[in-house]
Amino acid sequence: MKSSVIIFPGSNCDRDMDVALKKFGFKNQMIWHNDQSIPKSDLIVLPGGFSYGDYLRCGSIASKSKIIRSVIDFANSGGLVLGICNGFQILTESGLLTGILQQNKYLNFICKNVYVKVKDKKNKYFNNIKKDILELHIAHNEGNYFCSRDEIKSLEDNNQIAVTYCDQKGLENDENNPNGALKNIAGIFNKNKNVLGMMPHPERMIDKYLSGEDGSLFFENLLGNLK
Amino acid sequence: MKIKVIVTLKNGVLDPQGKAIQQTLNGMNFDNVSDVRQGKFFEIDVKENDENKAKSLVDEMCKKLLANLVIEDYKIV
Amino acid sequence: MKIKVIVTLKNGVLDPQGKAIQQTLNGMNFDNVSDVRQGKFFEIDVKENDENKAKSLVDEMCKKLLANLVIEDYKIV
Amino acid sequence: MKVTESVAIDHGLKKEEFTKICELLKRTPNITELGIFSAMWNEHCSYKSSRKHLKKLHTKGKQVIQGPGENAGVIDIGDDDAIVFKIESHNHPSFIEPYQGAATGVGGIMRDIFTMGARPIANLNSIHFGSPQHKKTKNLLRGVVKGIGGYGNCIGVPTIAGQTNFDESYNGNILVNAMTLGLVNKNKIFYSKAAGTNKPVIYVGSKTGRDGIHGASMASATFDDKIEEKKPTVQVGDPFTEKLLLEACLELMADNSIISIQDMGAAGLTSSSIEMASKGKLGIELDLSKVPCREEKMTPYEIMLSESQERMLIVLEKGKENYAKKIFDKWNLDFAVIGKTTNSKKIELLFENNKVAEIPIDLLAENSPMYDRKWKKTKLPQKIKFNKDDLKTINLSDCLKKILAFPNISDKKWIWDQYDHTVMGDTIQKPGGDAGVVRIHGSKKAVASSVDSSASYCFAHPFSGGKQVVCESWRNLISVGAKPIAITNCLNFGNPEKEKNMGEFVECVEGIAEASKYLDFPVVSGNVSFYNETNDRGIKPTPTIGGVGLISDYKKIITMDFKKNGNIVYVIGKTEGHLDQSVFAKDFLNEKKGAPPSINLFNEKNVGETLLKLIDLGLVASCHDVSLGGILVAVSKMCIKGNKGIKINPLKGLINKFEYFFGEDQGRYIIEVNKSNIKKVSEILNNNSIHYDEFGTVDEKMLSFKNDIKLPIEELSNVHKYWLRNYMDS
Ligand SMILES: Nc1ncnc2c1ncn2[C@@H]1O[C@H](COP(=O)(O)OP(=O)(O)O)[C@@H](O)[C@H]1O
Ligand SMILES: [Mg+2]
């Protein structure tokens with residue numbers, strides 16, 4: 001299975017993502033943002049980090065880079081596009097996903113483990129994962145998801161909400177919402193559910209000696225679907 | 001010529017930073033501050049002497065990059 | 001009443017954000033953008049009807065909190 | 001501008017120094033030359049007050065590849081892997097502009113590391129603030145933490161540990177010390193020594209602006225009430241550009257094009273170019289018209305003294321210019337050939353086709369002043385006699401709860417939650433343990449690191465204090481199962497022109513030297529920050545030690561959280577009950593006098609090495625060194641971390657319970673041992689003549705001691721965890 005991780009100036013989770021994809025059996029290649037096209041892939045990943053320093057708005061400058069055109073074409077033709085953290089921000093800024101990620105409600109960068117509830121399993125990212133609640137890791141300053149009333153209704157109506165912040169038992173409330181995101185949203189899909197953006201980093205959760213292992217379930221499932 | 005732009009959050013969009021500043025000001029005994037909203041300010045130097053043309057260029061820049069119209073409004077000043 | 005403030009980086013102080021925005025605009029074919037400087041904008045609602053009094057309060061706020069005079073200037077507009 | 005004595009004095013030079021410059025040059029320097037002399041001869045670059053004493057430090061060892069004198073120290077960790085590390089201060093700028101000051105501090109130390117060819121793999125920070133009640137403290141703390149996070153998070157290097165301290169002696173001078181560890185192949189280390197003449201000198205990175213002109217002199221000046229006027233010397237950091245610079249430099253380093261490389265830190269282009277030439281015994285010629293400038297009409301003086309961040313100077317092999325330029329173009333960074341190496345042994349500067357400066361290099365480097373400043377010894381203070389009857393009236397439970405919520409003891413999670421500590425995917429031990437641990441990417445090995453200081457001990461008796469900090473660092477590494485290898489030190493002191501401050505410095509250095517020699521724990525890099533003084537009030541002497549140790553198999557690391565009910569808890573190392581200078585005495589009883597605990601290096605080494613053996617044999621379930629606050633505080637932290645309780649055994653012998661629980665005797669650890677291992681553990685401890693007490697048994701969620709203490713862990717946890725958060729929110 002072929003995957004491509006796109007490196008923007010300022011990306012810094014590109015290597016982590018490469019390690020994770022390879023660990024679970026992807027043939028991964030690293031693509032420089034200035035490249036005109038992306039080699040044939042089954043999955044394109046926009047990794048975390050601070051593309052262009054997160055200057056102006058997170059993800060806004062990367063969303064104007066040359067390569068984004070190819071990502072959009074790939075997504076429109078049904079290819080799987082995954083954006084993690086800064087990648088999620090780039091996806092909203094480029095219009096592939098609805099809404100925007102604002103600064104965290106409590107104004108601080110947050111780095112910690114969180115629980116998320118899987119809200120939809122009719123998609124290639126979560127379909128065969130047995131657990132409903134995953135322990136993942138966040139590290140961001142702008143993860144406070146926001147969109148208009150109409151947009152949120154449409155996200156809900158089409159089951160486009162992918163994961164929401166919750167506690168160990170699945171309770172979604174303000175206390176378990178680390179950044180003030182609307183409806184505790186941690187990740188969303190596009191209409192066709194081939195594009196997923198989420199703030200938590202599954203690639204940081206693939207080793208029990210590190211932060212934990214629930215990220216492994218995510219990658220194993222993804223690979224299973226592409227085989 | 002230099003064109004100035006102010007980008008502000010739309011009414012109704014939460015502004016946690018503004019809120020925090022307001023609270024800090026209240027804490028510093030500026031009791032009569034009832035609200036603070038924070039926005040961005042840009043000064044853009046365009047090689048263009050016709051003011052109208054310069055402004056219409058900046059208007060395009062705002063739409064395409066400087067403001068995210070989901071949550072922000074902009075004003076060329 | 002609402003008082004507006006613009007805080008900008010002092011001349012000569014590095015503005016990494018402005019620089020990145022300028023390069024992006026150039027890359028988006030806005031070739032004649034020669035410089036961009038980014039600043040902050042505040043709209044402060046003060047319970048005070050006398051404009052002069054309100055402005056002088058805001059002036060104090062700027063000095064004490066809103067601007068860091070080490071690297072920034074402010075202007076009440 | 002005509003150069004006169006008063007102009008020289010405005011540049012921070014002393015009258016005698018100016019006279020000496022004129023004599024050495026056999027003429028009066030022009031303004032550019034004066035600027036260069038003032039930058040090179042100030043304390044920050046010349047170490048003129050400290051050099052004589054720094055020579056006493058123990059700097060050699062089997063694993064030392066590079067000791068002090070380079071951008072950073074380098075140690076061998078086997079299999080061709082080497083760790084490059086150093087700590088550096090950014091105290092003065094952080095007090096003036098906390099966010100940018102701290103951010104550029106982190107940026108500067110990371111450049112020191114990747115200059116040597118190493119990819120940074122971990123950051124640490126040691127930060128000291130004034131009293132929490134002081135009106136500036138909260139904003140300074142918030143700004144510093146945001147600045148450290150803002151820079152490190154953006155680059156994508158995990159911040160794995162640190163230290164945060166409050167003391168009113170820092171009210172007017174906070175301390176921000178940043179440390180970075182990098183990983184390099186030991187055969188591919190880059191140095192700053194230039195070699196060969198007529199080699200191109202390359203400028204890369206950001207453009208030069210009028211930032212921080214005279215920042216290095218500021219770092220060597222004390223503050224007064226007119227501090228506002230010094231403001232324009234603060235620089236703004238651009239972590240994004242630094243990230244690009246890091247990647248571009250490492251890409252260029254994969255090839256053999258670089259002869260020498262040096263980051264432009266304090267005193268910018270001046271010190272970087274002169275150091276390269278001086279180390280290579282060469283001359284250097286620069287054409288300043290070719291330096292990429294951010295602003296118009298910059299003068300040679302400004303270009304040479306600018307402290308704009310994110311810049312590097314490289315001496316390249318001839319003919320490699322185009323190859324190198326392509327790499328920097330790809331990363332969108334400035335690249336310019338600005339000069340060449342020569343055999344003149346001079347620095348020669350051209351600007352718009354005129355020669356604007358010419359100075360023999362040795363006048364600036366080797367011939368820079370060195371002072372043997374007067375200093376005063378600190379006598380060992382007398383022992384305090386505590387009134388045992390007064391102690392009896394204290395309620396142990398209340399006392400413990402109060403101490404756990406003291407600013408210096410309380411949990412610092414509010415801080416490190418704001419630092420990305422997991423990026424790079426190798427963080428085995430996050431902040432919150434005795435030392436941070438990162439895995440060597442793709443291997444079984446890991447390195448542990450910790451930063452420590454004990455200003456109160458150093459203030460009471462600098463020589464003991466100096467020894468103590470080294471030992472504390474050693475203990476923190478051992479507590480996670482790492483073999484200590486080497487240290488770096490950041491020596492933060494007051495005004496060296498005052499005999500008392502100079503004495504504190506000298507004796508702390510001697511203490512550090514003695515302990516590090518005995519423990520075979522050499523100093524490989526460091527930094528001195530003097531003049532931490534405002535309106536004549538200096539800080540307490542604060543040497544900060546950053547230690548690095550090696551773990552051969554990361555799966556064997558030990559954490560401090562209690563693991564299992566029924567396990568036995570031991571205190572290893574002897575408790576005499578030394579209360580003087582303890583948190584209990586100073587902050588609870590308000591008795592600030594007395595001597596710090598003494599250090600027995602033989603015991604320290606014996607206990608530490610034996611404990612490492614126990615850990616290696618898999619006999620230890622959890623471990624924590626006993627530091628500030630004494631045994632009861634250490635045990636409470638282990639309970640809180642593990643969400644477990646402990647049933648403490650009745651005390652043996654005649655020792656007073658306050659002395660036992662709160663004494664800060666050195667060389668002690670708490671370990672948790674599974675019942676099935678008790679025999680083996682006691683055998684090994686006995687065979688090594690190590691004193692140990694059977695302290696208690698891990699229990700269900702309650703800390704209890706006879707009828708004196710019965711505290712649910714949740715209650716302890718709540719007081720310990722939230723002091724800082726509540727303080728910042730209030
Ligand atoms: N500024 C900081 N940055 C990162 N981690 C910190 C900071 N301050 C404290 N910590 C972490 O908090 C924990 C407790 O620190 P400290 O009280 O000094 O440890 P000890 O228990 O060894 O005395 C350590 O793990 C340390 O790494
Ligand atoms: Mg410790």
Side-chain angles (χ1 to χ4, degrees), chain B residues 1-11 13 15 17-51 53-68 72-77, chain C residues 1-11 13 15 17-51 53-68 72-77:
Chain B
M1 80 187 303
K2 286 186 181 166
I3 306 288
K4 292 170 184 168
V5 182
I6 290 172
V7 175
T8 48
L9 284 169
K10 282 199 158 79
N11 271 337
V13 174
D15 178 8
Q17 203 148 4
K19 193 99 228 129
I21 293 170
Q22 184 212 325
Q23 283 164 359
T24 310
L25 286 170
N26 292 156
M28 290 165 77
N29 292 328
F30 291 108
D31 301 319
N32 41 10
V33 173
S34 56
D35 192 27
V36 177
R37 303 279 289 172
Q38 180 169 345
K40 289 174 194 158
F41 171 79
F42 300 96
E43 192 174 68
I44 301 169
D45 209 339
V46 200
K47 283 186 230 124
E48 172 60 69
N49 291 327
D50 179 321
E51 186 171 332
K53 275 195 195 149
K55 282 194 173 165
S56 98
L57 265 173
V58 170
D59 189 76
E60 211 184 321
M61 293 176 206
C62 287
K63 289 211 176 82
K64 287 194 175 154
L65 181 73
L66 299 178
N68 183 322
E72 293 170 329
D73 290 325
Y74 65 90
K75 205 163 101 192
I76 297 172
V77 288
Chain C
M1 78 186 306
K2 287 188 183 166
I3 305 289
K4 292 169 186 170
V5 182
I6 290 171
V7 176
T8 49
L9 284 167
K10 282 199 157 74
N11 268 338
V13 172
D15 178 8
Q17 303 224 39
K19 195 179 78 182
I21 295 168
Q22 183 213 325
Q23 284 171 357
T24 309
L25 288 170
N26 292 155
M28 291 166 75
N29 291 330
F30 291 108
D31 300 319
N32 42 10
V33 172
S34 56
D35 192 29
V36 177
R37 304 277 291 173
Q38 180 169 345
K40 288 177 197 155
F41 172 78
F42 299 97
E43 193 172 69
I44 301 168
D45 209 337
V46 201
K47 281 184 235 128
E48 170 62 68
N49 290 328
D50 178 322
E51 186 171 335
K53 274 196 196 147
K55 282 194 174 165
S56 97
L57 265 173
V58 169
D59 189 77
E60 211 185 320
M61 293 176 206
C62 287
K63 290 212 177 84
K64 289 200 177 149
L65 182 75
L66 300 177
N68 183 338
E72 293 170 330
D73 291 326
Y74 66 90
K75 206 162 102 191
I76 297 172
V77 288

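Order of the sequence lines sets the chain letters (A, B, ...), proteins ahead of strands, with each chain counted from 1.
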Contact origin within [X] toward chain C - heavy atom pairs under 4.5 Å:
X       : answer
B/Phe42 : both
B/Gln22 : neither
B/Lys2  : neither
B/Ile6  : side chain
B/Leu66 : side chain

Side chain, backbone, both or neither: which part of C/Glu60 has a heavy atom under 4.5 Å from chain B? both
Checked C/Lys40, C/Glu48, C/Gln17 vs chain B; the most non-hydrogen pairs under 4.5 Å come from C/Lys40
Ranking C/Ile21, C/Thr24, C/Val46, C/Val58 by heavy-atom pairs under 4.5 Å to chain B gives rank one to C/Val46
Under 4.5 Å between any side-chain heavy atoms of C/Val77 and B/Val77, yes or no? no
Under a 4.5 Å cut-off applied to non-hydrogen side-chain atoms, are B/Leu65 and C/Met28 in contact? yes
List the atom of C/Asp31, the atom of B/Lys47, and the distance in Å for their closest heavy-atom pair. O-NZ, 4.3 Å
Atom NZ of C/Lys75: over 12 foreign heavy atoms under 6.0 Å: no
